[in-house]
Amino acid sequence: MATLKNPDPRATLRDGLPDRYLTPEDLAAMFSLPSVETVYAWRKKRIGPPAIRIGRHLRYDPRAVRDWVDTLTTDDSLAA
């Protein structure tokens with residue numbers, strides 16, 4: 001019997017980096033954001049993880065997202 005992969009994008013970074021670029025919808029689900037518009041607002045304000053354009057699509061490198069999260073947690077620990 002074939003095992004099904006967990007479709008929850010939040011689980012992909014727990015177990016290791018996914019083998020595909022992440023969509024804005026993936027980030028919204030990962031961080032439990034109220035909407036995908038928050039991800040677009042982060043990009044506009046340049047406060048979120050770095051994104052790239054592939055054609056007309058916005059994508060996020062999982063490694064860059066992980067580095068961005070690590071930076072946030074490091075900055076938070078320094079403030080305490």
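The first residue in the sequence is number 1, and the count goes up from there. Since this is a predicted model, take the numbers as computed values, not measurements.
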Interatomic distance, Glu25 atom CD to Met30 atom CE [nearest 0.5 angstrom]: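 Rounded to the nearest 0.5 Å, the CD-CE separation comes out at 11.5 Å.
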
Set of ring pair (Phe, Tyr, Trp, His ring centres under 6.0 Å) partners for Trp42, sequence neighbours left out: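 Trp42: ring pair (Phe, Tyr, Trp, His ring centres under 6.0 Å) contacts with Trp68.
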
Partner of Pro49 by side chain to side chain contact (heavy atoms under 4.5 Å, CB included), out of Leu22, Val65, Leu72, Val69: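 By the side chain to side chain contact (heavy atoms under 4.5 Å, CB included) criterion, Pro49 pairs with just one of Leu22, Val65, Leu72, Val69: Val65.
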
Partner residues of Ser35 under the side-chain hydrogen bond (donor to acceptor under 3.5 Å, both in side chains) criterion, sequence neighbours left out: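 In terms of side-chain hydrogen bond (donor to acceptor under 3.5 Å, both in side chains), with neighbours along the sequence ignored, Ser35 is linked to no residue.
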
Where Leu27 and Leu33 come nearest, the two heavy atoms and their spacing: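 Nearest pair, atom of Leu27 first, then Leu33: O-CD1, 4.2 Å.
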
Shortest non-hydrogen contact from Ala28 toward Val39: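 Scanning both residues completely, I find the closest heavy atoms to be N-CG2, 3.9 Å.
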
Side-chain heavy atoms of Arg20 within contact of Asp26, under 4.5 Å: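 Counting from C-beta outward, Arg20 and Asp26 do come under 4.5 Å.
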
Under 3.5 Å: donor-acceptor pair, side chain of Asp67, backbone of Ala64: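 Checking the backbone N and O of Ala64 against the side chain of Asp67, no donor-acceptor pair under 3.5 Å is found.
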
Donor-acceptor pairs under 3.5 Å, side chain of residues 51-62 to any protein atom, not counting sequence neighbours: which ones?
{"residue": "Arg53", "atom": "NH1", "partner": "Arg56", "partner atom": "O", "Å": "3.0"}
{"residue": "Asp61", "atom": "OD1", "partner": "Arg63", "partner atom": "N", "Å": "3.1"}

